[in-house]
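Here the structure is laid out as structure tokens; the discussion comes afterwards.
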Amino acid sequence: MLLLYSSDQRGVCYIETANLDGETNLKQRQVVSDLPLQGVESPLESFHSRIECENPNNDLSRFRGYMEHPSGLRVGLHNNNLLLRSCTVRNTETVVGIVVYAVEPVM
């Protein structure tokens, strides 16, 4: 999940990744830079950007892509903007994000 909003004023959230890598120390993740949604009450209603990212990979520390805002401004996306499945959000009241990888159901 790409982090779009955090209740922290600095746009930070803290995660525990013990289920992924066995580490119990908290790691920081940052809201995407230059995103005008920090402080907005319903950030997804104001989201009109396009996300382009690389295909999923097995490297937990690698994620690259960009977000293109309606103005044409492109902002780089990195691992520190991503919350991986099985990580646990700690010491952060609220986070809002958008799923970037999802599996289509097989019919």
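Every heavy atom of this structure was used, including side-chain atoms; hydrogens, water molecules and symmetry mates were not.
- The hydrophobic clustering, which links ILVMFWY residues whose side-chain heavy atoms are closer than 4.5 Å, places Tyr66 and Leu3 apart.
- Residues Arg85 and Leu20 approach most closely at O-CD2, 3.4 Å, considering heavy atoms.
- Put simply, the side chain of Thr17 does not reach to within 4.5 Å of the side chain of Leu84, judged on heavy atoms.
- Going from atom CE of Met67 over to atom CZ of Arg50 covers 11.0 Å, rounded to the nearest 0.5 Å.
- Within the 4.5 Å cutoff, the side chain of Asn81 has no heavy atoms near those of the Phe63 side chain.
- Contact annotation: the side chain of Asn19 never approaches that of Cys87 to less than 4.5 Å [non-hydrogen atoms, C-beta and beyond].
- In this structure, Arg29 and Thr92 have side chains that are not in contact, with every pair of non-hydrogen atoms separated by 4.5 Å or more.
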(request) Please lay out, stage by stage, how Leu77 and Val100 fare under the test side chain to side chain contact (heavy atoms under 4.5 Å, CB included). (result) CA-CA 11 Å; Leu77 303 174; Val100 289; over 6 Å; no
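- With hydrogens and angles ignored, the 3.5 Å screen pairs a side-chain donor or acceptor of Ser7 with a backbone N or O of Thr94.
- Here the side chains of Val95 and Met1 are in contact, with some heavy-atom distance below 4.5 Å.
- Here the shortest heavy-atom pairing between His69 and Val75 reads NE2-CG2, 3.4 Å.
- Minimum heavy-atom separation, Asn79 to Leu60: OD1-O, 3.2 Å.
- Taking both residues in full, the closest heavy atoms of Glu16 and Glu23 are given as CG-O, 4.2 Å, listed atom of the first, atom of the second, then distance.
- Across every non-hydrogen atom of Phe47 and Ile98, the tightest pair is CE2-CD1, 4.1 Å.
- Here the shortest heavy-atom pairing between Val31 and Ser6 reads CG2-N, 3.7 Å.
- Remark: the backbone N or O of Gly11 is paired with a side-chain donor or acceptor of Gln30 at under 3.5 angstrom.
- In terms of modelled atom types and a separation under 3.5 Å, the side chain of Gln28 and the main chain of Asn80 share no donor-acceptor contact.
- Note that CG of Leu83 and NZ of Lys27 are 12.5 Å apart. Values are rounded to the nearest 0.5 Å.
- Interatomic distance, Arg64 CZ to Asn55 CG, rounded to the nearest 0.5 Å: 13.5 Å.
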